[in-house]
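Structure first, commentary second.
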Amino acid sequence: MTALRATGQAPMFDVAVVGAGPAGLAAAGEAAASGARVVVIDSSEQPGGQFWRHRSEAAGVVDGGELHHGWRDYLELRRAFDAGIAAGTILYLPSTSVWMAQRDTANFTLRLVPAHGGGRSDTPTVHASALVLATGGYDRQLPVPGWQLPGVMAAGGIQAFGKQNGMLPGKRFVIAGTGPFLLSVAAGIAHQGGTVAAVLESSNLMGWLPRAHRAAGVPAKALEGVEYTAAMLKHRIAYRPRTVITEILGQDRVTGVRTARVRSDGTVVAGSEREIGGIDTVGLGWGFTPQMELPVQLGAGTRQDVDGSLVAIVDEDQRSTVSGLFIAGELTGVGGAALAVLEGRVAGRAAAFEATGPGAGAAVAPRATSAESRAIARQRSFANAMHLAHPVPAGWQQLLRDDTIVCRCEEVPAGALRESRESMAGEDLRTQKGQNRAGMGWCQGRVCGFAVSCMSGGADPLSNEVETSLAQSAKRPVAQPLPLGALADLD
């Protein structure tokens, strides 16, 4: 495989895996163990994905896993991954993005570019008989007045910064949004010596009461919760449910936030407003959004998950509606690393059999074992309960002034979106993009897409209009930014 890369040919593999996070590592290891020749393409510089993002191996820094959950699972997956690379059964292409994926009658063709900076990839094109997509997701964002100020980050961005650099992007933080992930971020900040003035949770946590049995089915999640609670108590971090940021304060950068308690319909409780000063960093996160560009580009069937996200449709073997295409991890519904690993293992085995057939690793088509199926069902049930207990807060649009920036790349304010919807039938992201450039910038709607879709299609994130808008925005013939020179590599 190394020789193929060096000659500049377009090499052929049995299985291509896009993404080297929990699902991708598991899929690659299983596919290689099943006798397949595997290529793994990942935009990061080293394996692990966002969940297991860690200190620089190239710089010789050894990460002890103090900021990670499931670190032993990562090390186990990594050993199998590294063994496959050493044996020549896995070719690993780090710092590489797939900007186009195509399917013909027999194979997949993936077009590649360097993930960071310009230039050309050493291997601009690869072919594979079967494809596993495990590209994960990123923090879902909702606009807040003042969120364009320096010092405002995605909650996951703060965590990733700390894991990779061994330091924090600020000193005194407010973390706001919804979901247990906020606790993880706050605990990590405290562990690294930062101060968290408050964690603001938009839900009231009562949504867990009718779903407690689902949490009981995944005891590891309860243990994580206990750890986070202990960290919050130890460091005296204020936890305020049913509370949101109404405005982020500052001129040249963040200096504080205004907060308020809200009712179930999102209206502000009179007299509950308060101000937290002395803040230099704000972390925002309302769950996660799957990276759906490649599944949609290939024509995979999609649906809207219980949290409003657009996700891929798969069967019990992680097979999509496209022949030879398997999808695992957050792309099938945001559910965390443990679920992603389970789905990745199943997808890797099934993809290897799809590519090589009987005799190479299995005599009959592999299926998810009964134990795997039960574990996946428990993890998925917990994930659904989490989404329902921590929904996108109702009434968030009511907090936006007309001058509140929604699309930060193009500086499009909420008033322009409202005017487009009311006066020019701007009822989806694509129409808004043509009318006022919302989603037209560098991120191509990855950050603002959910918010613009909700503001265009209606207040309900689970509406058909919002689902249609999300599907349209994910359909991109060019999945990632690329230099024009990459077009010269096309056949």
Side-chain angles (χ1 to χ4, degrees), residues 1-2 5-6 11 13 16-29 32 38-68 70-71 73-86 90-99 110-126 132-139 153-154 156-169 188 192 288 291 293-294 329-330 337 340-341 344 442-443 446 479-483 486:
M1 293 187 190
T2 304
R5 186 183 183 187
F13 299 89
V17 178
V18 183
L25 287 175
V38 182
V39 59
V40 177
I41 305 153
D42 188 49
S43 60
S44 296
E45 298 176 353
Q46 56 193 28
Q50 295 296 339
F51 187 76
W52 286 317
R53 181 179 291 274
H54 54 280
R55 303 298 301 279
S56 173
E57 298 174 17
V61 181
V62 178
D63 196 313
E66 295 85 359
L67 297 174
H68 301 270
W71 190 244
D73 296 330
Y74 166 70
L75 294 178
E76 178 184 345
L77 291 168
R78 184 64 188 274
R79 281 192 289 269
F81 185 70
D82 290 346
I85 294 173
I90 296 176
L91 174 63
Y92 174 45
L93 302 179
S95 300
T96 304
S97 292
V98 178
W99 68 270
L110 305 180
R111 311 289 185 177
L112 314 180
V113 291
H116 312 291
R120 299 173 61 183
S121 173
D122 291 339
T123 307
T125 304
V126 298
V132 178
L133 294 180
T135 49
Y138 46 89
D139 292 65
M153 301 177 64
I158 293 174
Q159 186 181 73
F161 189 100
K163 287 180 175 180
Q164 181 164 336
N165 299 303
M167 59 185 294
L168 294 169
Q192 290 187 283
F288 295 89
Q291 296 194 47
E293 294 86 356
L294 293 179
E330 311 293 54
V341 169
W442 179 257
C443 83
R446 290 174 177 84
Q480 301 290 336
L482 76 159

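Residue numbers start at 1 and run along the sequence shown.
- Rounded to the nearest 0.5 Å, atoms CD (Glu45) and OG1 (Thr96) are 11.0 Å apart.
- A distance-only check finds no donor-acceptor pair linking the side chain of Asn165 to the backbone of Met167 [under 3.5 Å].
- One N or O on the side chain of Thr135 and one on the backbone of Gln291 form a donor-acceptor pair closer than 3.5 Å.
- When every heavy atom of Leu25 is checked against every heavy atom of Pro47, the shortest pair comes out as CD2-CB, 4.0 Å.
- Atom CG in Leu75 sits 9.0 Å away from atom CH2 in Trp52 (nearest 0.5 Å).
- The side-chain heavy atoms of Ile90 and Val40, taken from C-beta on, include a pair separated by under 4.5 Å.
- Rounding to the nearest 0.5 angstrom, the gap separating the OG atom in Ser56 from the CG atom in Asp63 is 11.0 Å.
- Contact annotation: the side chain of Leu294 approaches that of Val98 to within less than 4.5 Å [non-hydrogen atoms, C-beta and beyond].
- In this structure, the side chains of Leu112 and Ile41 come closer than 4.5 Å at one or more pairs of heavy atoms.
- Residues Val113 and Ser121 come closest through the heavy atom pair CA-CB, 4.1 Å.
- In this structure, the side chain of Asp139 does not engage the main chain of Ala154 through any donor-acceptor pair within 3.5 Å.
- At a threshold of 4.5 Å between non-hydrogen side-chain atoms, the residues Met153 and Pro169 count as touching.
- Here the closest heavy-atom approach between residue Gln46 and residue Asp42 is recorded as O-OD2, 3.9 Å.
- Across all their heavy atoms, Leu110 and Ala16 have their closest contact at CD1-CB, 3.8 Å.
- At a threshold of 4.5 Å between non-hydrogen side-chain atoms, the residues Tyr138 and Arg446 count as touching.
- Put simply, CZ on Arg53 and NZ on Lys163 are 9.0 Å apart, with the number rounded to the nearest 0.5 Å.
- Here CZ of Arg111 is found 7.0 Å from CH2 of Trp99. Values are rounded to the nearest 0.5 Å.
- Looking only at side-chain heavy atoms (C-beta outward), Phe13 and Leu91 come within less than 4.5 Å of each other.
- The shortest heavy-atom contact between Pro22 and Ala340 is CB-CB, 4.0 Å.
- Pro11 has its side chain within reach of Thr123: a pair of non-hydrogen atoms, C-beta onward, lies under 4.5 Å apart.
- Nearest approach of Gly162 to Gln192, heavy atoms of both residues: O-NE2, 3.2 Å.
- With sequence neighbours excluded, no residue forms a ring-ring contact (aromatic ring centres under 6.0 Å, His included) with Phe51.
- Aromatic ring orientation, Trp71 versus His54: perpendicular (interplanar angle above 60°, classes split at 30° and 60°).
- Arg55 places a side-chain N or O within donor-acceptor distance of the main-chain N or O of Gln164, the cut-off being under 3.5 Å.
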